[in-house]
Structure formats: structure tokens, C-alpha cells
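Report on the following structure.
For the numbers below, each heavy atom of this structure counts, side chains included, while hydrogens, waters and symmetry mates do not. Just so you know, ligand 1 is whichever comes first in the structure, and atom 1 is the first atom listed for that ligand.
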Amino acid sequence: MVTTRLTGEEIEELQALGSAHFWPHSRPAGDMSDETGIKLVTGGEGIWVEGADGNRYVDLIAGMWLKNIGHGRKEIAEAVYKQMLDISYSPGGTVSPSTVKLAAKVASLAPDKESRVYFVSGGSEAVETALKIAKKYQRNVGQPGRYKVISRRNSYHGATHACIALGGHPVNSPNDYGPPLPGNVHVAQPGVDCGAPGDCDLSCARDIEKAILHEEPSTVAAFIGEPISAAAGIHVPHPDYWPTIREICDRYGVVMIVDEVITGFGRTGKMFATENWGIKPDIFTVAKALTSGYLPIGAAVVSKKVADTMVGEGEQSLKHLITFGGNPPACAAGLTNVEIIEKENLVENSATMGEYLFEQLQTLYEHKITGDVRGGMGLLAAVEFVKNRDPKTPFAPEDQFDRKLGLAMEKHGLLGRGFMGTMFFSPPLTITKDEIDHVVHQVNEVASEVEASL
Ligand code: PLP
């Protein structure tokens with residue numbers, strides 16, 4: 001592992017600077033303490049990350065659900081270096097070969113091989129772009145009254161204003177920012193707002209039809225959802241859930257947007273999650289693992305049916321510009337990243353190792369605090385810890401469960417996420433069987449320790 005060692009003095013200086021000036025995402029500002037604060041990391045290789053203190057950790061959620069090819073890949077550094085020396089930004093009215101090639105590569109992997117790819121710089125922008133394209137499409141096909149968007153409660157689609165109006169996941173505190181964008185309609189989240197998967201009667205999918213009819217179809221532009229929502233706790237939906245939504249969207253002329261920002265590029269054991277159910281979205285969004293997080297990128301991947309209505313110079317064209325969209329070094333990183341995913345059969349590894357991980361996680365039921373183990377579709381899983389298994393009773397805020405879980409995870413060499421009593425698993429797709437055995441052993445240690453402390 002290549003790592004930049006820091007002296008104790010350098011670490012202290014960085015902690016002081018960070019406490020005063022660095023504003024972390026989604027964490028309390030100013031906390032760079034050893035115990036609970038933001039950690040300094042200096043190296044990474046495969047599923048492993050090294051802290052400035054020399055400790056090694058398993059990166060349990062692949063950075064932020066994105067490091068699919070793992071840390072420390074020289075091939076990406078070399079591709080980006082070469083691209084930066086060739087041309088690092090293509091001026092207005094030009095495009096780099098890497099950008100064109102990546103658009104074609106993504107289209108070749110997409111359910112619709114004739115897709116057009118609109119590059120942006122991240123997942124939120126990809127979702128914003130997809131929403132604008134869906135509304136513009138409705139105008140172009142003579143439906144200008146369609147502006148409403150249907151999304152599922154507790155979904156996460158990004159941090160910008162349009163994104164926080166979708167689903168209203170609590171991490172975004174949507175009520176802090178005044179009235180949300182008009183035209184947002186929230187429906188049920190599978191696995192959260194309905195019964196156990198065994199009892200599923202697809203009422204959550206039918207909720208979408210009810211919402212369309214209630215709002216009046218001629219006002220509804222689009223539906224958006226993540227194939228498996230990580231934010232809502234990784235509930236794999238019933239096999240007929242997505243095909244039913246596809247039928248509903250077709251029946252009422254609603255654009256179907258699938259947010260593959262987490263699930264794209266192999267996470268669910270297929271290149272894109274929609275392949276698990278054989279459906280074709282009208283638009284899908286990608287970001288994170290398109291470069292495995294080596295450089296910022298995002299894209300709205302738009303089916304030919306939708307994109308063709310916007311081609312040309314007239315009123316029908318899409319007026320939309322993002323400065324870093326299609327950035328050549330980011331696209332060079334993306335091309336090499338996809339090449340590695342294909343060459344190293346990482347999609348297949350995600351399917352087989354995902355199955356093994358899910359199987360091994362069942363051992364956690366030996367702990368009384370394990371309420372649910374979810375997953376089984378690629379390397380994406382969750383363990384929900386509860387105060388009581390039957391009837392399922394979540395921990396109360398005064399139990400400080402997430403804090404205890406986080407501290408125990410760090411002690412046992414796991415970097416990851418404990419959120420609302422749930423521990424998430426989304427490791428790099430390079431993970432091996434031995435590494436999974438190590439992870440599951442450590443997680444069992446964590447569960448024993450937290451259980452004893454309650
Ligand atoms: N969509 C989904 C499903 C996400 O999980 C995220 C981020 O985690 C986003 C969109 C937003 O992506 P970004 O943080 O790159 O803006």
C-alpha cells in the first residue's frame with residue numbers, strides 16, 4: 001500500500017486546522033477528536049484503508065458506495081495523468097476523445113444500447129438533469145401540463161433543492177429550507193411502508209398508480225426510485241415490483257427514472273440493477289462507481305425514445321449546461337474503471353461474493369440484538385439491530401446505539417456506517433472470500449461488544 005506517513009506533530013497540526021476550517025459532509029463540523037471525530041486517512045489498497053495513525057481498516061461501504069474497483073489502482077492514476085497532459089478541459093464547442101468513448105461505452109452497457117449520455121459532475125446533478133429532461137420530454141411530446149414527480153418516502157436522491165424534495169429522507173432535513181419544490185408526490189417505500197416480503201401484495205407498486213390517478217395523469221411528468229434503496233435500509237423488492245412500475249408508467253405516459261447512483265456498475269451482481277428484473281428505464285442516473293470515486297462524475301443516461309425528441313437546434317432542444325460535465329480526466333478515469341470492472345469480472349464477483357456475504361451474515365442472528373439481515377442481491381447488505389426482535393422494537397435515541405456501534409466498529413477495524421440502528425455492507429467488488437470471513441468475524445465481535453454494553 002502506498003501511503004504518506006505523517007509525524008505526530010503533523011497529525012496534531014492537521015487536526016487543529018480541520019477543527020477550525022474544514023466543514024465535513026453529513027457530520028458535526030469541528031470534531032476531529034481521536035474518539036468520535038473525522039479521521040485522517042493517508043493510504044488505501046483494495047478493500048483496505050490506512051489511517052494517519054497507522055491503523056488499518058476495512059472500508060465496509062466502499063468509501064461512499066462507490067469504490068467498486070477498490071483503493072489504490074495505479075491504472076486509473078496513469079490514465080488520468082496521460083489525459084491531463086493531452087487535454088485537461090475541452091473548450092466550449094469541443095469534446096475530448098475520452099468523453100465520446102465513455103458516452104459510447106456507457107450506452108453499450110445500458111439496457112437501451114441507443115441511449116444518449118449527458119455527463120455532469122455528481123449524483124445530485126445527474127438526478128436534477130434527469131428531472132429536467134423528463135419534463136422537457138413531456139413538453140416536446142405535447143404534454144406541457146405534466147410537471148409533477150412521484151418518488152418514494154425515505155429515498156435519497158441527492159442534496160440539492162430538487163433532490164431533497166424527492167422522498168424527503170431525514171438525512172436531508174427538508175423542512176430546514178422552506179417550502180419544498182411544488183409538484184412532489186410521495187408514495188410508499190417497499191419493505192418499509194408495507195409488510196414483510198413474504199406477505200407482499202405489491203401494494204407499494206400500486207400506490208404509484210393510485211397517486212397518478214389522484215393527481216390526474218395529465219399533470220404527472222415522471223416517477224423516480226432507486227432499484228434497491230440504500231437510504232431506506234436495503235430492502236430488496238419483490239421480483240414483480242419493478243416490472244409492475246414499468247407497466248404503470250407506460251399506461252399513464254409517465255417517464256420512468258431509475259436512480260442507479262449506488263447500484264450502477266456491478267453493485268447488485270449485474271452491471272445495472274434493472275437487469276435483475278429485465279426492465280428498461282426511460283432515463284437512469286449514474287455517478288459514484290462510474291469512476292469508482294477516483295474523480296467526480298455523474299450522468300443521466302437517456303433512452304433513444306426520450307433523447308430523440310430533443311435533438312436539433314429548435315425549441316425542442318435541451319437548454320442545460322454543467323461546467324464539469326464530461327471533464328476529460330474524469331472520463332479517462334471512467335473508461336479505465338469500466339475496463340477494470342470488465343477485465344476482472346467484478347460484476348460476477350459481486351454476484352458470487354454477495355451471495356456468500358449474505359449467507360455468512362446470517363450468523364449474526366446468534367445475537368439477540370439482530371433484528372433483520374437484508375440483502376442477497378450482489379454486494380449490498382444491511383444488518384438492522386433492535387432492542388427487541390419480536391415484536392421488533394428499535395433502539396431509542398437515549399440508548400445512543402449508533403454511537404456505540406460506530407466506536408465498536410472502529411475498534412475492530414471497520415470503517416463504515418451505523419445509521420438508525422442499521423449497519424451497511426457495500427464493500428469494493430474486488431473483495432475475496434477470505435476478506436468476507438474476516439469482515440463477518442469482526443462484525444460478530446462488534447455485535448457481542450455492543451450487546452454487552454447495553
Ligand atoms: N442518488 C442516490 C441513490 C444516492 O445515493 C446519492 C448519494 O449518495 C445521490 C443520488 C447523490 O449523489 P451525489 O452525492 O454525488 O450528489
Side-chain angles (χ1 to χ4, degrees), residues 23-27 59-68 118-134 149 151-174 184 186 189-192 222-237 242 256-268 272-274 281 283-301 322-327 330 333-334 337 377-382 416-417 419-420 422 424-426:
W23 200 331
H25 291 216
S26 211
R27 291 282 290 256
D59 184 0
L60 220 50
I61 60 162
M64 189 69 82
W65 323 87
L66 49 58
K67 209 133 258 310
N68 287 18
Y118 198 106
F119 287 118
V120 294
S121 25
S124 303
E125 283 177 5
V127 169
E128 295 265 353
T129 300
L131 295 175
K132 282 175 74 175
I133 290 176
V149 179
S151 59
R152 288 109 36 100
R153 288 186 285 279
N154 279 303
S155 278
Y156 184 80
H157 294 288
T160 53
H161 266 93
C163 293
I164 65 173
L166 302 169
H169 190 272
V171 79
N172 271 327
S173 306
N184 276 283
H186 298 160
Q189 178 73 242
V192 177
F223 163 82
I224 183 166
E226 315 99 308
I228 300 168
S229 175
I234 307 184
H235 296 265
V236 177
W242 279 104
M256 184 197 216
I257 306 172
V258 175
D259 184 350
E260 294 248 22
V261 165
I262 284 184
T263 51
F265 302 100
R267 178 56 56 198
T268 68
F272 295 112
T274 48
I283 305 174
F284 68 98
T285 51
V286 290
K288 299 181 185 281
L290 175 49
T291 60
S292 283
Y294 280 84
L295 282 178
I297 199 166
V301 186
I322 302 284
T323 300
F324 281 105
N327 175 262
N337 175 62
M377 198 170 257
L379 280 163
L380 190 61
R417 211 177 157 114
F419 183 64
M420 292 170 83
T422 300
F424 293 92
F425 299 81
S426 167

Worksheet item: So, is W65 polar-close to ligand 1, with some N/O to N/O distance under 3.5 Å?
Response: no

Item to complete: Scan side-chain atoms only and decide if T285 and D259 contain a donor-acceptor pair under the 3.5 Å cut-off.
Response: yes

Fill in: Shortest non-hydrogen contact between G264 and A289, atoms and distance
O-CB, 4.0 Å

Item to complete: Tell me whether the centres of the aromatic rings in F284 and F272 are closer together than 6.0 Å.
Response: yes

Worksheet item: Is it true that atom CZ of F324 has more than 12 heavy atoms of other residues, nucleotides or ligands lying nearer than 6.0 Å?
Response: no

Worksheet entry | Inter-residue atom distance K67.NZ - I61.CD1, 0.5 Å rounding | 13.0 Å

Worksheet item: Salt bridge check: are E260 and R267 linked by an N-O gap of less than 4.0 Å?
Response: no

Worksheet entry | Proximity to ligand 1 by part of A287, non-hydrogen separation under 4.0 Å | neither

Worksheet entry | N/O separation below 3.5 Å, E125 to ligand 1 | no

Fill in: Sub-3.5 Å N/O-N/O distance, E226 and ligand 1
no

Worksheet item: Can T291 and N337 be counted as having a side-chain donor-acceptor contact under 3.5 angstrom?
Response: no

Item to complete: Starting from atom 8 (O) of ligand 1, find the nearest protein heavy-atom neighbour and note its residue, name and distance.
Response: K288 NZ, 2.9 Å

Item to complete: Find all atoms of ligand 1 within a distance of less than 4.0 Å from any non-hydrogen atom belonging to G123, and give their numbers and elements.
Response: 11 (C), 12 (O), 13 (P), 15 (O), 16 (O)

Discussion item. Out of all atoms in ligand 1, which are within 4.0 Å of some heavy atom of S124? Include the element for each.
Written reply: 11 (C), 12 (O), 13 (P), 16 (O)

Worksheet item: Would you say ligand 1 has an N or O under 3.5 Å from any N or O of I262?
Response: no

Worksheet item: To the nearest 0.1 Å, how far is atom 1 (N) of ligand 1 from its closest protein heavy atom, and which atom is that?
Response: D259 OD2, 2.7 Å

